[in-house]
Amino acid sequence: MNAAFWDKLQKVDRRVLYVVLVVLTSIGLFLKAEIPVAVDDSSADFYAKLMKIDPNKPVVVQTDWTISTRGENMAHLECLLRILMTRKIKFVYYSATSDAPAFQVATDVIRHINEERKAMNLKVYERGTDYIGLGLFPNAEGANESMRNDIKKAWGGRRVRMPDGNETDIFQTPVLKGVNSMGDFGLMVVVTASDTIDFAVQRLNDKVELTGMATGVIAPGMLPYYQARQLKGFAGGLKGCYDMEYMMKHGINHPEEGGKIYVNAGKIVGEVPPLGSGKDLARATQYYADLHIALSLLIFAVVVGNVAMFAQKKAKKGAE
Amino acid sequence: MDQYLFIKLSVGVFFTIGLYSVLYKENKFYRFCEHIFLGLAAGYSLVAIWTSILYDQWWLKMTGVPAEGTSKMVPGYFMYAVLLPIGLCGYMVMSKKHNWMSKIPIGVILGLWSGQQVKNWWTQYGAQIYGSMQPVIPTTWSSLSRPALYTFNEAGAKVPLSPDAAAVIRSNIYATQALSNFIFVVTLVTALSYFLFNFELKGKFLRSFNTVGRWLLMVGFGALFGSTVMARFALVIDRMSFIWNEWLKLGR
Amino acid sequence: MELLAQARLTFFGMTPNSPELWVKIIVTFILGLGVMFAFTKAPIRARRMIVFSFTFASGLFYILLWLWPVAVAREPGTLPNNAVEGVAFWLDDAVPRIADVAQILTAFLLGLGIMSLLTVHTQRIRRKAQDWKYSVLLMVSLVTMVGFGYVDWIQKKFQDPQGKLLEMANWGPVQYGQDLLFDGAYQQMEAAMFSMIAFFILSAAYRAFRVRSVESTVLMASALILMLSLMGALDFIWTTGINNLVAQTHNPFLDNFKISEVAGWVKSTLQTPSIRAIEFGVGLGAVAMGLRIWLGLERGGVSA
Amino acid sequence: MQYLDTGWFGIFITLMMVTFVLSNIYRAKGKKELFIRRISGLNALDDAIGRATEMGRPIVMVPGIGDLNAISVQAVNIFKQVAKTASQFGTPIRVCCANAAVYTVAQEVIRDVYQGAGMIERFDSQTVQFVSDRQFAFAAGVSGMILRDQAAASFLLGEFYAESLIFAETANAIGAIQIAGSTKTAQTPFFIAACDYVLIGDEYYAASAYLTREPVLVGSLIGQDWGKILIAAMVFFGFLLNSIERVQPATQHRGEDDKGNANWTPVDSATVKEKDKLKKANDTFTFQVFNPFITEAMKKVDPPRKPDPDAPKEEGK
């Protein structure tokens, strides 16, 4: 092969790369392969926690993301909701971020998970009796601080419309009945695309069992909190979310047919069963397989570029 | 309702493709989407500036909130009214004669920022300075590298160590860890030397110190680059899914 | 403190909607305007002093907060013992109020920004410059968004105490319009623009990650290690392989060669200190520049 | 009334840094010919302006999307230097702002430059403009502008977030010379991959001293250098001290109760467990300096305060 060919190969037009990326990621969506994975300790702890908490205690979900980081956070929230709804755990959700649409986005996700459950003939979660939305708190730090001090003051005066059409104070509803402080919640989960997780850790980690789900950019910063046990577990980025879905399907240390154990998490002593929500492998599974294709393309492109560069140099020298 | 949702999705797909078209080249379709985007964004800013900043943080604090239901009365602080004339000074930038007055609100913003920097410097960096003082002398030579926290039983399966034995391992510094710590400190100091501006580094040794500092910075940057890739690719995959799965309802 | 403390009426904090409060608000505003007018008459050499005093006073607040003795273990509803404590109490109470000031002032200035945008585009339309039709489009979408946005906000905030409009079934045309513009168009465009970064990462990596110099080589190597560790399938194969090796050889040292361990080592031993070195420099730079601005030592530019 | 034990060391070191900067500014006054090492990204500024002038195409400048603070002010200061040259040669410039306060500063400063050069007719509504304060709308607007105007050079200096690569790759695609710099370390790798010259970290703050050689700025830079040497020295002696202490046997261990108060537990050499024999990280001298002892008694140094008669009473108490 001659120098011109290698020259072309090391200066491929960017548009060619873009088209290849679009085509490959589109094809990748249809593969939906279940990729075997070594589950992160943090996700294993998170899943075990979610499967072990008392279903009679409500869970509090803080969801601080908008459409622009939908790719990771929507998979996170969907996965969390599937676990909560399958385990029949009541929950309360709100957004503590200056990004105004966050609450609406979360409400939409709950709606479409409910539609999905309806289609599978499962019980639909009713607002007021099974879950409550509190709305938006624009100042994350202040909201967490006042929740730490007195939850009744922090959420005071918020009302919710029950399925029968009546308005009720949120603390009178079946969801929050008997809740007087953060300690009465079984778990708190922060789903976020920004540093709001830092405020939650600073203000609330000693009041309630705190966990988180965050984008790949935020997640590395959560590792120190997890190591210090300030976070009881977390799912970081798409990988963390795929870990969750994989465990929802296979459990932890759980022997399936033929005694095969898919997830062998060293830290978790004992067995955690799979979830069986009817749709355990969902968005993250689809995206994660696709991510491999995209990453392979990136690495392939870098390798080709380098090989071509060396080959061209060699060919040039040969020609001289 | 379903019709509305389909229209809404289609609008989203239309603009997504429009903005993507710039990847090929700048064109009329992109220009169309870009200008709508800029218009909507400016419109949204004008709405959000009042509804989510000024109304809550300025107006309500100035006028107060009367008691209602279980929520208590919040007094109004009239001094917030001072901020409006200060803010208006900024608009003097349009005047040819009095444009200097625009520096008043700017001065207030910058003054507050400057004070905060000095006040917060130690809280931000003190812990990092302490965290860099890593011990480099091993506390034990019983093993060069840190032993695993498990052993093997007769059957060859992994068994965790007793908590006491594990605690001993955790409390020790092993030779390989000490070496890593030493690399850490050297990396920090060489990289820091790269940012000395007023000292001319003379001699081969000092100059090579500087060069190595720059290489080590590049290692750090490469790692940063690599770790954001997953998050970014997830977003483009999601866009594709938005088009194929949600809009065309294929591939679900 | 602010959140715990009960509302206390003083000269400064008054009953909402009381006539006294309104009188004070209006008087304060007019006085402010008066001072502003007086400034326009200020002699040229006084200008620098005026700007400097505003800057200095604002910075001084945080410096005092930093250096003033703290009133230890203050409990709500107590009085200070002496004047020093009095100042400490005052500083403590003022923090949440001062914290908002910069954001509020920036918000007031947004009008200037929008005026700039409008000037650029009206000029384009007036001159019938190239692409002037797109400028019309921009104006129209701006006005539509503002219209729908405010009407929707007013309806939701003041005319819908029961929160009916949160449910789609109760929506009116305004809510549909707002949702279509904001959720349907604007947010999707944001997501589209954000996701375009992935394309650029691909082309930038292809071009820059070459074994050309030591710098670009180490840049590429550490990026590749991190990227490989993100690929779950590869990680799985590698980890399983090493686990098997460990089980055969009973040598746990091999655990260190798991790709996630290697990536973790690169991050904690090389990335953390090099980034930290940059941060130290940047932090000092910010302090130094902050001092120069606060004390008015920067000539030209921002200081008068 | 006294300082809690917390913080004297932090305040002391911070005050030392402040003294370094201020005393060096004072020392540098009136001196000329102060040394600053070469910063190649800044040397390239003039070449880039020259190239834009030859081609007759505009220079696009972005002061980041951050709020108004020293970082964006620094960007405006650098752009001021660019504008000085550009106004002489009539090279069109476009300063695109994403924050209204930054826009106000840039407008005032850049117009001043044109006025001072007597070229005010070259300053129009597009020279300094506000594009959008929404991150990605701003990105769309600016990249559209770079492509349509076929910018010859782009200077991206300031606080950038995810959008950094959108600008850098777009300008790279049309072959513009790019000089970028950000104090946000997370974005620097993308600039390194896509731009011709990159100011890394602190070089950004050194830029105005480098370009103008004003004694105040250079003096401040010397002070910053001293500060960095102090940090390096602290780390150097700290790690030596730490290393030596960690191999010594412990006589007492420092712990914390659930209120965050520190306390010491003596070590009995007869019964001590293997893991507690040596000094731990928390027992070292350096740790104590950086994390001072707080006890309940310290919180009681102030005499008790009288209740406030005007404060409203808590209901039910």
Side-chain angles (χ1 to χ4, degrees), chain B residues 19 22 25-26 30-31 33-34 37-38 40-42 44-45 90 93 99 102-103 105-106 109-110 113-114 117-118 121-123 126-127 129-130 132-137 139 164 167-168 170-171 173 181 185 188-189 192-201 217-218 220-222 224-225 228, chain D residues 10-11 13-14 17-18 34-37 68-70 73 101 104-105 107-108 131-134 137 140-141 143-144 147-148 185-186 188-190 192-193 200-203 206 218 221-222 225 228-229 231-232 234-236 238-239 241-244 246-247 273-276 278 280 286-287 290:
Chain B
L19 290 177
V22 79
K25 72 185 247 241
E26 210 276 336
Y30 174 76
R31 234 171 284 172
C33 297
E34 177 204 331
F37 193 12
L38 283 174
L40 290 179
Y44 177 65
S45 293
V93 77
N99 59 353
S102 71
K103 286 174 181 170
I106 300 302
I109 297 175
L110 285 174
W113 184 88
S114 307
Q117 290 309 303
V118 180
W121 186 79
W122 183 257
T123 22
I129 295 176
Y130 171 71
S132 311
M133 302 174 175
Q134 305 208 355
V136 297
I137 302 178
T139 56
D164 270 353
V168 173
R170 283 207 193 92
S171 71
I173 302 166
N181 288 353
V185 177
L188 181 79
V189 174
L192 208 52
S193 82
Y194 177 75
F195 293 106
L196 291 180
F197 295 105
N198 295 89
F199 295 90
E200 206 169 355
L201 294 176
L217 284 176
M218 291 302 150
F221 286 138
L224 271 180
F225 189 109
T228 46
Chain D
I11 292 179
I13 296 289
T14 315
M17 299 290 177
V18 170
L34 289 159
F35 172 79
I36 304 181
R37 79 158 165 78
L68 177 64
N69 50 35
V73 168
T104 314
V105 175
Q107 169 84 3
E108 146 86 23
V131 178
S132 177
D133 65 344
R134 299 281 139 188
S143 38
L147 291 171
R148 275 192 294 278
T185 39
T188 311
F190 300 114
I192 291 179
I200 297 170
D202 214 20
E203 292 181 331
V218 182
L221 201 59
I222 299 175
D225 271 6
K228 274 170 251 175
I229 292 172
I231 292 178
M234 275 163 71
V235 170
F236 187 76
F239 98 87
L241 205 64
N242 231 343
S243 308
I244 295 166
R246 289 293 295 277
V247 289
K273 284 183 178 171
E274 171 77 28
K275 69 180 167 85
D276 294 330
L278 296 179
K280 296 182 177 182
T286 42
F287 182 83
F290 280 82

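The shown structure was predicted, so the numbers you read here are calculated from the model rather than taken from an experiment. Numbered from 1 within each chain, the chains take letters A, B, ... in sequence-line order.
- Looking at I192(D), the atoms closer than 4.5 Å to chain B (heavy atoms on both sides) all sit in the side chain, from C-beta outward.
- Only the side chain of T228(B) comes within contact range of chain D, with at least one heavy atom under 4.5 Å from a heavy atom of that chain.
- Both the backbone and the side chain of K228(D) come within less than 4.5 Å of a heavy atom in chain B.
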- Item | side chain to side chain contact (heavy atoms under 4.5 Å, CB included) assessment of V131(D) paired with L38(B) | CA-CA 8 Å; V131(D) 178; L38(B) 283 174; 3.8 Å; yes
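- Of all heavy-atom pairs between F37(B) and A140(D), the closest is CD2-CB, 3.8 Å.
- Only the side chain of I109(B) comes within contact range of chain D, with at least one heavy atom under 4.5 Å from a heavy atom of that chain.
- Only the side chain of E34(B) comes within contact range of chain D, with at least one heavy atom under 4.5 Å from a heavy atom of that chain.
- Interface residue L221(D): backbone and side-chain heavy atoms are both found under 4.5 Å from chain B.
- Residue S243(D) comes nearest to I137(B) through the heavy atom pair CB-CG1, 3.6 Å, listed as atom of the first residue, atom of the second, then distance.
- For V185(B), the part lying near chain D is the side chain, with the backbone staying farther off; criterion is any non-hydrogen pair under 4.5 Å.
- Under the ring-ring contact (aromatic ring centres under 6.0 Å, His included) criterion, F199(B) pairs with no residue at all, not counting sequence neighbours.
- Taking L224(B), V136(B), L217(B) one by one and counting their heavy-atom pairs under 4.5 Å with chain D, the maximum is reached by V136(B).
- For K25(B), the side-chain contact (heavy atoms from CB on, under 4.5 Å) test picks out R15(A), with sequence neighbours left out.
- Per-residue counts of heavy-atom pairs under 4.5 Å with chain D were compared for V189(B), V22(B), I173(B), L19(B); the largest is that of I173(B).
- Side-chain contact check for W122(B) versus I11(D): every heavy-atom pair is 4.5 Å or farther apart.
- With rounding to the nearest 0.5 angstrom, the OH atom of Y44(B) is 11.5 Å from the OG atom of S132(D).
- Atom CD1 of I106(B) is separated from atom CG of L68(D) by 5.0 Å, given to the nearest 0.5 angstrom.
- To the nearest 0.5 Å, atom CG of residue N181(B) and atom CD of residue Q134(B) are 4.0 Å apart.
- Only the side chain of A206(D) comes within contact range of chain B, with heavy atoms under 4.5 Å apart.
- The candidate from W113(B), Y194(B), F225(B), Y130(B) with the greatest count of non-hydrogen atom pairs under 4.5 Å with chain D is Y130(B).
- Put simply, of K273(D), M17(D), Q107(D), E203(D), the one with the most heavy-atom pairs under 4.5 Å next to chain B is E203(D).
- For chain B, the nearby parts of I200(D) are the backbone and the side chain; heavy atoms of each come within less than 4.5 Å.
- Only the side chain of V18(D) comes within contact range of chain B, with heavy atoms under 4.5 Å apart.
- Atoms SG and CG, from C33(B) and L40(B) in turn, are 10.5 Å apart once rounded to the nearest 0.5 Å.
- To the nearest 0.5 Å, atom CG of residue N99(B) and atom OG1 of residue T104(D) are 12.0 Å apart.
- Contacts between F236(D) and chain B at a heavy-atom distance below 4.5 Å are absent for every atom of the residue.
- Interface residue L188(B): only side-chain heavy atoms are found under 4.5 Å from chain D.
- Heavy-atom distances place the side chain of F290(D), and not its backbone, under 4.5 Å from chain B.
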